[in-house]
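These notes are about the structure you will find just below.
Start at 1 with the first residue, then count along the sequence. These figures come from a predicted structure and were not determined experimentally.
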Amino acid sequence: LRQQRVVAKMQNEWLTPAAPLQEADIPAFILAAAGKITAIKEQFSAYDSDAKWTLLAAFAWQLNQWEDAGETADAVEQLLTLHEKIPSRIPATERMMMTLAAWRTGLTHLEDCRELTSRQGGNNDRWLDVKQRYPLLAVKDVYRHLDYGYADGADTVRFTENIQQYATTLETLSEKD
């Protein structure tokens with residue numbers, strides 16, 4: 001009986017799907033960033049990367065609303081490590097969007113999606129082409145022909161779009177600062 005409770009608890013904790021990712025909350029983001037643009041820029045410009053500071057800051061906001069500096073630093077370091085695994089021939093902004101997608105679903109699913117993009121005649125080094133195919137990673141007739149199978153591609157697209165919206169907002173705020 002105790003073992004059944006333990007198994008049930010583990011299943012509930014590990015196998016329950018996460019809540020769907022919500023759309024970007026730009027008003028809350030603006031309130032949080034107001035008056036802090038210079039500090040945010042300094043913090044995220046300090047990373048040795050070709051990634052824009054606005055994308056790194058937006059990524060950190062998406063993860064934890066900048067509430068945990070240690071977690072933020074670790075996540076950004078992990079993201080930049082993953083960034084190095086994306087082909088450097090891809091232009092910087094597109095490469096970073098692919099890195100964000102890989103962070104969300106894993107590098108293997110990004111590679112599956114890039115391969116799918118190529119098979120369908122798209123440019124697998126172009127984020128917009130890859131992004132269009134990400135939702136197909138959840139379609140059984142598609143994912144069963146891929147090396148790494150199912151992924152919630154729509155969630156990944158939402159994740160990257162939220163970050164892009166936050167980054168664009170930061171760029172606008174920094175111009176006014």
Side-chain angles (χ1 to χ4, degrees), residues 7 10-26 28-29 44 47 49-66 71-72 74-171:
V7 169
M10 289 170 56
Q11 286 177 327
N12 188 39
E13 289 176 6
W14 294 343
L15 300 178
T16 302
L21 186 66
Q22 301 298 312
E23 289 187 24
D25 185 354
I26 300 300
F29 180 70
F44 291 98
Y47 290 95
S49 171
D50 64 350
K52 289 183 178 182
W53 70 270
T54 52
L55 275 171
L56 296 178
F59 166 73
W61 174 263
Q62 177 70 41
L63 294 182
N64 67 17
Q65 287 72 46
W66 303 323
E71 181 183 329
T72 294
D74 288 347
V76 171
E77 289 294 337
Q78 291 168 3
L79 183 74
L80 294 176
T81 298
L82 186 58
H83 186 64
E84 294 171 9
K85 296 178 180 180
I86 308 296
S88 59
R89 71 176 177 273
I90 299 172
T93 301
E94 306 220 20
R95 184 174 177 214
M96 181 49 72
M97 297 310 290
M98 289 188 198
T99 303
L100 292 167
W103 193 90
R104 187 67 176 182
T105 56
L107 186 60
T108 56
H109 289 299
L110 170 66
E111 291 307 316
D112 268 354
C113 195
R114 292 183 69 231
E115 175 62 30
L116 178 62
T117 301
S118 182
R119 277 192 234 155
Q120 292 185 344
N123 181 345
N124 68 355
D125 286 347
R126 186 171 175 251
W127 171 242
L128 288 177
D129 286 2
V130 174
K131 176 181 154 182
Q132 287 178 338
R133 282 134 179 119
Y134 244 101
L136 297 176
L137 298 183
V139 176
K140 189 173 186 176
D141 286 342
V142 175
Y143 72 71
R144 65 186 188 96
H145 298 288
L146 301 173
D147 290 340
Y148 298 98
Y150 174 88
D152 187 348
D155 176 79
T156 301
V157 169
R158 230 177 350 269
F159 180 77
T160 60
E161 286 177 345
N162 282 1
I163 292 170
Q164 186 64 57
Q165 287 178 20
Y166 291 137
T168 299
T169 302
L170 270 178
E171 288 170 13

(request) Please answer whether the main-chain N or O of Asp25 pairs with a side-chain N or O of Tyr166 as donor and acceptor at a distance below 3.5 Å. (result)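 Checked: pair present.
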(request) Output yes when a side-chain donor or acceptor of Trp53 lies under 3.5 Å from a complementary backbone atom of Tyr47, and no otherwise. (result)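 Not a single qualifying donor-acceptor pair exists.
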For the atom pair [atom1] ([X]) and [atom2] ([Y]), what is the distance rounded to the nearest 0.5 Å?
{"X": "Gln164", "Y": "Met96", "atom1": "CD", "atom2": "CE", "value": "11.0 Å"}
{"X": "Ile163", "Y": "Arg104", "atom1": "CD1", "atom2": "CZ", "value": "8.5 Å"}
{"X": "Leu116", "Y": "Asp112", "atom1": "CG", "atom2": "CG", "value": "8.0 Å"}
{"X": "Met98", "Y": "Leu100", "atom1": "CE", "atom2": "CG", "value": "11.5 Å"}
{"X": "Glu94", "Y": "Asp125", "atom1": "CD", "atom2": "CG", "value": "8.5 Å"}
{"X": "Leu79", "Y": "Phe59", "atom1": "CG", "atom2": "CZ", "value": "4.5 Å"}

What pairs with [X] under side chain to side chain donor-acceptor pair (under 3.5 Å), at least two apart in sequence or on another chain?
{"X": "Asn123", "result": "none"}
{"X": "Arg95", "result": "none"}
{"X": "Thr72", "result": "Asn64"}

For a quick test of reading the model, state the closest non-hydrogen atom pair linking [X] to [Y] and the distance between them.
{"X": "Tyr134", "Y": "His109", "result": "OH-C, 3.9 Å"}
{"X": "Trp66", "Y": "Ala57", "result": "NE1-O, 3.0 Å"}
{"X": "Ala75", "Y": "Leu63", "result": "CB-CD1, 3.4 Å"}
{"X": "Thr160", "Y": "Ala101", "result": "CG2-N, 3.8 Å"}
{"X": "Ala167", "Y": "Ala58", "result": "N-CB, 3.5 Å"}
{"X": "Leu137", "Y": "Cys113", "result": "CD1-CB, 4.1 Å"}

(request) Could you point out which residue of Arg133, Arg126, Lys131 forms a side chain to side chain donor-acceptor pair (under 3.5 Å) with Asp129? (result) Arg126
(request) Taking only Lys NZ, Arg NE, NH1 and NH2, and the carboxylate oxygens of Asp or Glu, determine whether Glu161 and Arg158 approach each other closer than 4.0 Å. (result)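 So Glu161 does not pair with Arg158 through a salt bridge.
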(message) By the definition side chain to side chain contact (heavy atoms under 4.5 Å, CB included), identify the one residue from Thr105, Leu110, Thr108 that meets it with Tyr148.
(response) Thr108
(request) Could you walk me through whether Asn162 and Trp61 pass the side-chain contact (heavy atoms from CB on, under 4.5 Å) test, one step at a time? (result) CA-CA 10 Å; Asn162 282 1; Trp61 174 263; over 6 Å; no
(request) Go through Arg119 and Glu115 one step at a time and tell me if the side-chain contact (heavy atoms from CB on, under 4.5 Å) criterion holds. (result) CA-CA 6 Å; Arg119 277 192 234 155; Glu115 175 62 30; 3.6 Å; yes
(request) Find out whether Thr99 and Leu80 are in side-chain contact, i.e. whether some heavy atom of one side chain is under 4.5 Å from a heavy atom of the other. (result)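 When only atoms from C-beta onward are counted, Leu80 and Thr99 do not touch, as no gap falls below 4.5 Å.
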(message) Are Glu171 and Lys52 packed together at the side-chain level, in the sense that at least one heavy-atom pair is separated by less than 4.5 angstrom?
(response)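 Side-chain contact under 4.5 Å: yes.
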(message) Apply side-chain contact (heavy atoms from CB on, under 4.5 Å) to residues Met97 and Leu128 and explain how you reach the verdict.
(response) CA-CA 9 Å; Met97 297 310 290; Leu128 288 177; over 6 Å; no
(request) Specify whether Phe159 and Trp103 have parallel, tilted or perpendicular ring planes, treating 30° as the upper limit for parallel and 60° as the lower limit for perpendicular. (result) parallel
